[in-house]
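Take a look at this one; I'll ask things after.
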Amino acid sequence: MMKFGTRAVHAGEEPDLSKSGDVVSPIHLSSTFARRIVEKPTGGLEYSRTGNPTRLALERRLASLEGAKHALAFSSGMAAEATLLLSVLKKGDRVVAGDDLYGGTVRIFETTLRKFGVSFTYVDTRNLEAVKHALERRPAIAWLESPTNPLMHLCDIRSIAKAASRVGAITVVDNTFASPFLQNPLSLGADVVVHSTTKYIGGHSDVVGGALMMSDDELFQSVKFNQNAIGAVPSPFDCFLVLRGSKTLHLRMQRHSENAQKVAEFLSHHRKFSAVHYPGLKDHPQFGLAKRQMKMPGGMLSAEMKGGMPEVRRFLKELNVFALAESLGGVESLVDHPATMTHASLSSERRKRLGIGDGLVRFSVGIEDAEDLIADLKGALG
Ligand SMILES: *Cc1c(COP(=O)(O)O)cnc(C)c1O
């Protein structure tokens with residue numbers, strides 16, 4: 001198999017020299033495809049909800065990046081999750097999930113799926129014994145994220161996937177924070193990888209998209225059937241944007257990680273911060289696991305300011321290069337205040353239990369020059 005960077009640039013987009021020889025996959029806007037005979041569409045495609053050439057190019061690319069046999073592209077990360085869950089679960093099933101998952105994932109579990117008789121057990125996935133204990137309830141799915149948002153907790157994907165398969169559960173890993181360049185859950189024993197391609201894979205904060213990658217043929221056929229049945233498909237233009245973004249994923253992730261390391265080290269030495277959560281810092285409790293499981297520690301980190309809300313407000317207001325915004329994974333640096341922004345919908349009690357206080361600030365470190373990022377932080381803290 002070719003190396004990651006070569007696959008990021010080329011997989012799924014080989015020029016078709018029998019036709020025009022396009023080097024870049026064209027944006028196929030056609031909603032329907034003609035046939036010569038009634039029995040069979042001429043090029044294998046019939047209708048763009050079911051399949052579209054631009055989407056197929058993206059799906060080949062995405063499969064290659066995660067080392068999967070199959071990939072499906074969706075209109076958002078949530079569309080990918082919803083389609084997967086509706087394909088796998090039935091009434092009476094249980095899901096064992098991390099207790100600090102992406103908020104939208106918990107929302108679909110609690111508001112949509114509970115209505116259909118699915119139950120949920122949340123567990124601190126850093127604790128392998130606790131996970132094994134929860135798996136004794138024989139769930140259909142073990143749903144993991146690593147690293148998590150915003151506290152950068154990791155879980156041992158290989159050990160959990162092994163324990164889950166013993167009880168007949170499939171392991172799903174939301175790999176959005178790491179990206180396929182840093183971590184490949186399928187190679188660690190997971191069954192399905194979820195991505196919000198809105199984040200690192202798209203990488204430019206200009207498209208919303210999602211993806212599922214898997215290697216099991218039967219599961220793939222079932223999810224593909226449901227994607228067409230439900231209609232959770234991305235537009236050809238969105239597919240083009242994600243394809244285009246994915247070509248530089250390896251370069252961007254290296255720079256994101258290098259910059260985040262510098263920002264994390266700067267903040268960890270600053271008197272206004274009491275803690276910095278970044279798996280690339282030696283004092284991160286899972287520094288060793290991060291080294292084993294991830295190629296680099298990534299572009300996301302969070303830090304706790306000592307002065308609470310008044311200090312946080314002042315700091316956020318004074319930043320110039322870091323924009324105050326939700327979302328993450330784009331080339332530009334963003335800063336987020338979880339308690340009032342991304343995690344505001346959690347009850348204050350749940351936020352407290354998870355350790356998301358008013359002083360916590362989350363950074364999505366971009367690919368700018370690190371010197372300018374540090375100078376921006378210094379200026380805002382001065
Ligand atoms: C953003 C995000 C999602 C949801 O993806 P959308 O593209 O916004 O629908 C799921 N998981 C994680 C970890 C995310 O960051």
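All ligand and atom numbering here is 1-based and tracks the order in the structure. Given the structure is predicted, the values throughout are model-derived calculations rather than measurements.
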*Would one find an N or O of Glu145, backbone or side chain, under 3.5 Å from an N or O of ligand 1?*
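Min N/O separation from ligand 1 is not below 3.5 Å for Glu145.
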_Option with minimal heavy-atom separation from atom 11 (N) of ligand 1, where the choices are Asn175, Thr197, Val194, Asp174_ =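 The option holding the nearest heavy atom is Asp174.
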*Is the backbone N or O of Leu154 less than 3.5 Å from a side-chain atom of Gln286, with the two atoms forming a donor-acceptor pair by type?*
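It does hold such a pair.
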*asked:* Whether the Gln183 and Ser146 side chains hold a donor-acceptor pair (N or O, under 3.5 Å, no angle test) is what I'd like checked.
replied: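 Result is no, nothing qualifies.
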_Within-shell test, Gly209 vs ligand 1, heavy atom, strictly < 4.0 Å_ =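 Under 4.0 Å: yes for Gly209.
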*Using the ring of Phe4 (Phe, Tyr or Trp, six-membered ring only), decide whether Lys295 places NZ or CZ under 6.0 Å from its centre and within 45 degrees of its axis.*
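The answer is yes, since Lys295 meets both limits relative to Phe4.
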*What protein heavy atom sits nearest atom 4 (C) of ligand 1, and how far away is it?*
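The answer is Tyr102 CE2, 3.5 Å.
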_Suppose we measure from atom 2 (C) of ligand 1 to each protein heavy atom; which comes out shortest, and what is that distance?_
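Scanning the protein heavy atoms, the shortest distance from atom 2 (C) of ligand 1 goes to Lys199 NZ, 2.5 Å.
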*Could you say whether the N/O atoms of Met78 and ligand 1 ever approach to under 3.5 Å?*
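The answer is yes, given that Met78 and ligand 1 share an N or O pair closer than 3.5 Å.
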*atom 6 (P) of ligand 1 - nearest protein heavy atom and its distance*: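 Protein heavy atom at minimum distance: Gly77 N, 3.3 Å.
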*Report yes or no: does a heavy atom of Glu81 sit under 4.0 Å from some atom of ligand 1?*
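Yes, that is the case, since the closest heavy atom of the residue is under 4.0 Å from the ligand.
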_Assess, by modelled atom type and distance only, whether the side chains of Glu145 and His153 contain a donor and an acceptor separated by less than 3.5 Å._
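No.
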*With a distance cut-off below 6.0 Å to the six-membered ring centre and an angular limit of 45° from the axis, does Arg350 pair with Tyr122 as a cation-pi contact?*
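Judged by the rule, Arg350 and Tyr122 form a cation-pi pair.
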*Side-chain donor-acceptor pair under 3.5 Å between Asn226 and Thr83, yes or no?*
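The answer is no; no qualifying pair exists.
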